[in-house]
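Here the structure comes first, spelled out in structure tokens, and everything after it is commentary.
All heavy atoms count here, side chains included; hydrogens, waters and symmetry mates do not. Please read all numbers here as calculations on a predicted model, not as lab measurements.
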Amino acid sequence: MELMDIDLQNKVVFQHNVITSGRYDYSSCMLDILFMVLSGLEQNKLEYTIHVQDIEQITGRKWNYDQLKTNTEDLMGRVYEIQLEKSFRQITLFSLVEYLDGTGSFDLVINDYARPYFFELKNGFTLLELKSVLGCKSKHAKRIYGLACQWRSTGGKEYPLGEFKEILGLKDPKGKE
């Protein structure tokens with residue numbers, strides 16, 4: 001089992017703006033997994049092996065099996081809500097997680113319906129520096145970094161406080177406090 005050879009000084013990931021500014025509440029661990037998948041994307045490849053040691057080496061944080069299992073289960077259960085021109089779509093990003101006994105790794109399979117949000121990035125994507133985003137300690141810092149990167153070329157964006165809280169998962173989108 002080889003660790004991923006990642007040049008952290010120059011590695012960037014491309015993330016669709018639907019993911020960058022989506023209203024979801026991912027843990028820091030879930031975001032690390034997502035960024036590792038984004039860092040290894042290959043056109044039309046849907047299955048990725050994530051080595052826990054890779055993430056631990058990059059972030060300096062240790063994971064335990066129970067924490068990882070809980071986070072991948074939560075990752076599979078998160079629904080993205082996407083407003084399209086003539087419809088409203090609900091999808092999950094991943095369709096399968098499979099732990100590989102004794103390897104310290106697991107496979108993730110990108111849901112076929114999520115394919116456009118990983119590979120069709122001609123317009124509407126955010127460029128993130130992998131080292132910077134994985135260096136953020138909290139889930140909120142990772143999300144705010146992504147939002148700042150999304151708007152950096154336009155000089156920034158102002159969000160109403162309620163909308164910003166929804167994006168960060170701090171407020172229920174249905175208005176429940």
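- Listed by first then second residue, pairs satisfying salt bridge (charged side-chain N to carboxylate O under 4.0 Å, His left out) with a partner in residues 26-41 read Asp32-Arg61, Asp32-Lys142, not counting sequence neighbours.
- In terms of the ring-ring contact (aromatic ring centres under 6.0 Å, His included) criterion, residue partners of Phe14 (sequence neighbours excluded) are, by chain and number, Phe125.
- Remark: Glu98 pairs with no residue by the salt bridge (Lys or Arg N to Asp or Glu O under 4.0 Å) rule, at least two apart or across chains.
- Sparse packing is recorded around NZ of Lys69, with 12 or fewer heavy atoms of other residues, nucleotides or ligands lying under 6.0 Å away.
- Lys62 meets the salt bridge (Lys or Arg N to Asp or Glu O under 4.0 Å) test with Glu56; sequence neighbours excluded.
- Side chain of Tyr99 to main chain of Asp107: no donor-acceptor pair is present (N/O by atom type, distance under 3.5 Å, no hydrogens or angles).
- Legend: residues meeting side-chain contact (heavy atoms from CB on, under 4.5 Å) with Tyr113, ordered by chain and number and at least two apart, are Ile91, Asn111.
- Taking the side-chain contact (heavy atoms from CB on, under 4.5 Å) definition, one finds that Asp112 meets it with Leu46, Arg115, sequence neighbours left out.
- The backbone N or O of Glu129 sits less than 3.5 Å from a side-chain atom of Tyr145, completing a donor-acceptor pair.
- Distance alone, capped at 3.5 Å, is enough to place a donor-acceptor pair between the Ser28 side chain and the Lys137 backbone.
- Shown here is Gln43, whose CD atom has more than 12 heavy atoms of other residues, nucleotides or ligands within 6.0 Å.
- The neighbour count for Asn123 CG, taken as heavy atoms of other residues, nucleotides or ligands under 6.0 Å away, does not exceed 12.
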